[in-house]
Amino acid sequence: MTSPTPLHFHVPEPASRPGGKPDFSGVSIPKAGSVRRPPVDVPPEEIRDLAYSIIRVLNHEGRAIGPWVPDLAQDELVAGLRHMMTLRTFDARMQMAQRQGKTSFYMQHTGEEAVSCAFRIALGPDDMNFPTYRQAGLLIAHDYPLVDMMCQIYSNEHDPLKGRQLPVMYSSKKHGFFSISGNLATQFVQAVGWAMASAIKRDNRIAAAWIGDGSTAESDFHAALVFASTYKAPVVLNVVNNQWAISTFQGIARGGSGTFAARGLGIPALRVDGNDYLATYAVAKWAIERARLNLGPTLIEYVTYRAGAHSTSDDPSAYRPKHESEEWPLGDPVIRLKQHLIAAGAWSEERHKQTEAEVHATVIAAQKEAEAFGTLHSGGKPSARDIFEDVYAELPPHLRRQRQQIGV
Amino acid sequence: MTSPTPLHFHVPEPASRPGGKPDFSGVSIPKAGSVRRPPVDVPPEEIRDLAYSIIRVLNHEGRAIGPWVPDLAQDELVAGLRHMMTLRTFDARMQMAQRQGKTSFYMQHTGEEAVSCAFRIALGPDDMNFPTYRQAGLLIAHDYPLVDMMCQIYSNEHDPLKGRQLPVMYSSKKHGFFSISGNLATQFVQAVGWAMASAIKRDNRIAAAWIGDGSTAESDFHAALVFASTYKAPVVLNVVNNQWAISTFQGIARGGSGTFAARGLGIPALRVDGNDYLATYAVAKWAIERARLNLGPTLIEYVTYRAGAHSTSDDPSAYRPKHESEEWPLGDPVIRLKQHLIAAGAWSEERHKQTEAEVHATVIAAQKEAEAFGTLHSGGKPSARDIFEDVYAELPPHLRRQRQQIGV
Amino acid sequence: MPRMTMIEAIRSALDVSMARNDDVVVYGEDVGFFGGVFRCTQGLQQKYGVSRCFDAPISESGIVGTAIGMAAYGLRPCIEIQFADYMYPAYDQIVSEAARLRYRSAGDFTCPLVIRMPTGGGIFGGQTHSQSPEALFTHVSGLKTVVPSNPYDAKGLLIAAIEDPDPVIFLEPKRLYNGPFDGHHDRPVTAWARHELSEVPEGHYTTPLGKAVTRRAGEAVTILAYGTMVHVALAAVEETGVDAEVIDLRTLLPLDLETIVASVAKTGRCIVLHEATLTSGFGAELTALVQEHCFYHLEAPVMRVTGWDTPYPHAQEWDYFPGPARLGQALRDIVETR
Amino acid sequence: MPRMTMIEAIRSALDVSMARNDDVVVYGEDVGFFGGVFRCTQGLQQKYGVSRCFDAPISESGIVGTAIGMAAYGLRPCIEIQFADYMYPAYDQIVSEAARLRYRSAGDFTCPLVIRMPTGGGIFGGQTHSQSPEALFTHVSGLKTVVPSNPYDAKGLLIAAIEDPDPVIFLEPKRLYNGPFDGHHDRPVTAWARHELSEVPEGHYTTPLGKAVTRRAGEAVTILAYGTMVHVALAAVEETGVDAEVIDLRTLLPLDLETIVASVAKTGRCIVLHEATLTSGFGAELTALVQEHCFYHLEAPVMRVTGWDTPYPHAQEWDYFPGPARLGQALRDIVETR
Ligand SMILES: Cc1ncc(C[n+]2csc(CCOP(=O)(O)OP(=O)(O)O)c2C)c(N)n1
Ligand SMILES: Cc1ncc(C[n+]2csc(CCOP(=O)(O)OP(=O)(O)O)c2C)c(N)n1
Ligand SMILES: [Mg+2]
Ligand SMILES: [Mg+2]
């Protein structure tokens, strides 16, 4: 009965490492249009298989096919493309600004633009996102001013968060964007609480929770699933699987099941091609409608790829093959939507180039405006007084004493 | 798109409450012998359905049938019966001792005796359990001295834990029984770490983690699953679903899936009739063998019923129908094993009565012996010095000063 | 005026708050149908429905995390952690989230949240039903921390906490739930009914956060205490005959430093009393503040009488608990020091 | 002797420990293949294999929880929490489990475990990469807490911690990783190579836990500091010309009270310095101890120079950080007090 051979310790390793050839043969990708679309009130147990597949709409030629083709007009798609292009340009400029010492830190979205941009369009105006640091698309696709984002990144005198937060940790209630925490996963369960509150108040607002693949290992991911499932909270539980958590590949968080969508607790789960704007929108819409109709939570895994570094403090060439991102089988979300629009006769290379130039000009104009209010180490600054405000609604005596000590 | 009807808040409720009729119609119970027995090296994805069924061996007439009938000789079964009877008698005596003020607190196992008693027999001598407070069967079935258990409960001068721990929070390395924490779920992930250590050292020892249905909502349950799944740790992850967590029914922790076994992460999961000594043993054996062969973790849900109060501080008649336990469809584990042995011609009512008397005498003798060493408020006591020992391996200066202050 | 136990007063505070404001919701482990293991929420589900008072999964982090989301939404959650000893799984949500939400968002999102937890020892609860973790909250900017010592204050402070715009940790000394307790564990248990502070108005009132109260005026030494220790202090003073001033802090943060300083300036001596372990306990902060603000008045070092720096033991509870004997000795010692 | 940065010294301590004892295992987020976000574990996986140095899921509670199980098994895990700010999800495992396992089991199970965490500010890390949570550990009986201030000590203390039979929290001031830092953020960064305490033996040695060291002898006032603040203290002393004695505590618990008391008894004045927020910070405990043990020597109240009672802000980092200007003012003030 007892095995005579000793145990051995198993540590998962990614398919390839620096110096090796990128290898995505382990990622099995169903054909676009091949996954069925159940009604939103489907009993969860009837769609367990969807947690192991990938819903895709755009095929190789850029055609939208199958039951998940969303009801989006071409001008809406063009707007979506512009959102993604804006985000990408914004990223490039801010990355450079960090390199120029204008701020301390930045985090890019490269390769993942479709996820947050498409989701925001599917959401209603009164709903609330509980984002991580990699969903600025939720702001951009909702017309939050680029200047305000930049002022936050520069921690300058117009920073809406008064210099208190690390760059990219935006917050805007008006734009349905909950304050970002530096602590991973905490927001996931807060989203569930917000959704529960909406149901308790008999309102009709829903919440969207966001988390990365690596962070699903955190405890609060589990707490969120337990509470969402127990109280059938009107929340969409979004897992952005971009394959990496800093240097750690998704196999370290995913466990043996090969999917983040199959996390049980009876929550219906969908897996979607996160680089396919149309599929992402369609799946988001499905889950949002479910929540709105009081049918409870949905878990969505967006399969995508973090093409850039984790942050400006990171260099991925130390842990993955240099050109891995080029081999990513789901392609680039911007190029794929562009090609779809071209295939549909609604776009052209020229219009794309022209839009690129426009977007560039817009972002640069915003950057100029923001920099006029200061950057981290020069120009206008938030006040030292702001250190002591907003710790409490009212300044308590001990903070008043401390503020006096620095004479502000 | 947006529903005109407001959301409403859903709070799960048990099928019946005090004053109502017990109702277990929601618990669907497959026939004994009807669930298949896969080989231990089965790929987890091929047995996903087993997480939604219940493995049972003993049928209504007490016959053992089907592929899970374990390889246990009749004297082993008789020993198992005696373990369960001892635990039940022990419980009764200690419950009474608490009522008599001989200790502060006690927790019974009534109705759940098979789970820990059978599991211990399936485990090897060098393996380690990470138990909760409701698995004293692991000690009793491993011949840990009843007197030592009682001395712990009485916090007397022979208490192996020197009066420091709440009653029933036993600990014995030699008996493969990890120190019980008052904090729920923490031990679940520690068990995984212990198992990882065994694999790292290339030993052949395995760990068994224990948790209650209610406590699976805790974060550390998730952490344990993530780590066990990632490193294929040689651990058996036991969930004892006794339907209640103090006053809270299992629907509050279980989520929508109707099972604790289907928690995903690719860990193979079995669900078993926890009141069926043979089935419990067989399933435990299967999972233990899997771990021993380095095939990784198994999650087991034991479907059972907490027939008694949560603890001596609890009165279940406030939250569930008085006679609910009598309606529990999986019966009583002691009676079921007794009937099996009688049906097999290996036992009789007389031998049972006689054994009852013997067990009773043994427990009472142990109790006498233990009480000679003192009870909580009278007789021999651990020393006040013991407050300061074992905080660290060596007494640091500040604790020496404090000890001097009470002059011990 | 009706007489209430501490449990009844807390329940009344919840009841009054729920009746006045639909946004007040109450939940936690065993809190709904059953009414909580200490019965503080009994009857509230029946009265206000399952949407306002309900059972939660056993996940402290989930309980606090969802409450933060609810508070951000606009509700006023008043949640229960079954024992303060079990707050650790929620500590990240409390420290990194509830305490910082207003700051992080520059006031755009707020977190009006009350976290009730039974605290302290004296019930033979062993190491996981006896802890006093208040210092782990007072170190966290953005939290308020409250510890009532009697039914009247418990109700007034709890209502004030629920109405406060910021997160409040509300620690309920469980040994006081059913009666005052002065540390004389071998004397008969007394009921609240005979204590003047069990006279509790039925309706709405508040006891302001951040205000201490002098329970006994005295000239020889100041005792700073809160929760159960207020009763221990009064007993020790009576037994030793030392003319001590006993201050019941009620709120640890924000602290009523003025009352403390005025007293110590008068008495010139100070003893800090708490059940929690000594090192880095809240007594350290009180001692530091007193010596900073009253240095030239002090005639003896500030003394700390506290639990030992060990886990809270089961059998040796009364060797651990800083009862009237230990405080009495300290009182006699400090008045003799010069 | 080779020159090492703090990172190299820590890596060397791990390397030496892993080479001497097969039971030492090292893991954490990004710790394996990549070698940690601060590169403290670089090369260890290649040298000792994936069973001895590996990547962990992003679950601090899981990392500490599994390490406790491993330590109970007989291994000597030395794990990394990526930033001290992220230890909160593991706080339950640290406080309720690691710290109490020996006590609970009367010595039957033990927990020889080291938890390394980068701590402190000075890198524009904002509120979740700058915290100094040491007081949340010193309040917990059963833990030891260590904070090195230089490469030599870092290596010696880390080896001692790994060899210690009890759980040790090892806080690494991240601003010191690559060079000493005295708080003058606008001056050029200096490298460790020019600092005498960057001379670090390659092989095995230990620096005992529980022993402070006097970095500068002086007569006018005692400064108690640890980590980055040791360098701030030395800078402020030099700039003010105040003849201060600077004590580097190195271990916060167990504390070297003897060294502290001897110094304050001599100088009659004391300043406590730390980056953490003031209220209930470890400075409160130090202040309380100093006034208890040196009351009759003190000529001025013990002063605390610390971070403010707010979250750690991003842009206002240098208004928050208790640098040499703030300490210098305090030094001038305290020597004038009588
Ligand atoms: C509680 C906590 N632990 C660790 C970190 C450090 N950290 C920041 S981002 C990150 C990786 C997250 O990966 P993933 O969730 O996949 O998100 P992605 O960056 O890929 O979008 C880590 C470990 C943190 N911020 N919070
Ligand atoms: C962290 C923590 N939270 C809460 C408690 C209080 N508590 C003790 S037992 C219990 C119920 C546990 O139920 P379950 O896991 O189903 O185990 P059972 O008692 O049914 O065996 C609760 C809530 C605790 N001990 N620890
Ligand atoms: Mg990721
Ligand atoms: Mg249970």
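Just so it is clear: chains get the letters A, B, ... in the order the sequence lines come, proteins before strands, and each one is counted from 1.
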Practice prompt. Could you go through the side-chain contact (heavy atoms from CB on, under 4.5 Å) check for Asn183(B) and Asp85(C) one step at a time?
Written response: CA-CA 8 Å; Asn183(B) 298 55; Asp85(C) 318 58; 5.5 Å; no

Item to complete: Let me see the working for Thr310(C) and Glu389(B) under side-chain contact (heavy atoms from CB on, under 4.5 Å), right down to the final yes or no.
Response: CA-CA 9 Å; Thr310(C) 75; Glu389(B) 300 293 330; over 6 Å; no

Fill in: Audit row: Ile387(B), Tyr312(C), side-chain contact (heavy atoms from CB on, under 4.5 Å) steps and yes/no
CA-CA 8 Å; Ile387(B) 298 180; Tyr312(C) 200 110; over 6 Å; no

Worksheet item: Going through the distances and angles, do Asp309(C) and His398(B) end up as a side-chain contact (heavy atoms from CB on, under 4.5 Å)?
Response: CA-CA 8 Å; Asp309(C) 280 337; His398(B) 68 289; 3.3 Å; yes

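Both the backbone and the side chain of Ile246(B) come within less than 4.5 Å of a heavy atom of chain C. With a 4.5 angstrom heavy-atom cutoff, Val31(C) does not touch chain B via any of its atoms. Heavy-atom distances place the side chain of Leu278(C), and not its backbone, under 4.5 Å from chain B. Contacts of Phe105(B) with chain C are absent, with no heavy-atom separation under 4.5 Å from either backbone or side chain. Neither the backbone nor the side chain of Gln329(C) has a heavy atom closer than 4.5 Å to any heavy atom of chain B. In this structure, no portion of Asn156(B) lies under 4.5 Å from any heavy atom of chain C. If you measure heavy-atom distances from Ser181(B) to chain C, you find no contacts under 4.5 Å at all. No part of His10(B) comes within reach of chain C, as not one of its non-hydrogen atoms sits under 4.5 angstrom from that chain. Residue Gln42(C): no heavy atom, backbone or side chain, is found under 4.5 Å from chain B.
The distance from the CZ atom of Arg403(B) to the CG atom of Asp319(C) is 13.5 Å, given to the nearest 0.5 Å. Distance check, rounded to the nearest 0.5 Å: OG of Ser104(B) to NE2 of His129(C) gives 10.0 Å. We find the CH2-CG distance between Trp308(C) and Leu399(B) to be 10.5 Å, quoted to the nearest 0.5 Å.
Most heavy-atom pairs under 4.5 Å with chain B, from the set Gly125(C), Ser59(C), Pro89(C): that is Ser59(C). Taking chain C as the reference chain and counting heavy-atom pairs below 4.5 Å, the highest number among Pro382(B), Ser219(B), Ser247(B), Ser155(B) is found for Ser247(B). If you tally non-hydrogen atom pairs under 4.5 Å between each of Gly212(B), Pro167(B), Pro396(B), Pro12(B) and chain C, the highest count goes to Pro167(B). Between chain C and the residues Met169(B), Glu13(B), Arg164(B), Glu218(B), the largest count of heavy-atom pairs under 4.5 Å involves Glu218(B). When the candidates Pro313(C), Ala315(C), Gly126(C) are compared by the number of heavy-atom contacts under 4.5 Å with chain B, Ala315(C) comes out ahead. Highest contact tally toward chain C, considering only Val391(B), Leu376(B), Ile406(B), Leu161(B), is held by Leu376(B) [criterion: heavy-atom pairs under 4.5 Å]. For the set Arg17(B), Gln405(B), Lys381(B), the count of heavy-atom pairs under 4.5 angstrom toward chain C peaks at Arg17(B).
Pairing each heavy atom of Ile252(B) with each of Ala56(C), the nearest pair is CG2-C, 3.5 Å. Nearest approach of Gly182(B) to Thr128(C), heavy atoms of both residues: CA-OG1, 3.5 Å.
The side-chain heavy atoms of Phe34(C) and Asp314(B), taken from C-beta on, include a pair separated by under 4.5 Å.
Not a single donor-acceptor pair under 3.5 Å links the side chain of Asp55(C) to the backbone N or O of Thr248(B). Gln316(C) places a side-chain N or O within donor-acceptor distance of the main-chain N or O of Lys162(B), the cut-off being under 3.5 Å. Side chain of Gln127(C) to main chain of Gln165(B): no donor-acceptor pair is present (N/O by atom type, distance under 3.5 Å, no hydrogens or angles).
Ring centers of Phe33(C) and Tyr319(B): at least 6.0 Å apart, outside the cut-off. Centroid-to-centroid, the aromatic rings of Phe9(B) and Phe54(C) come within less than 6.0 Å.
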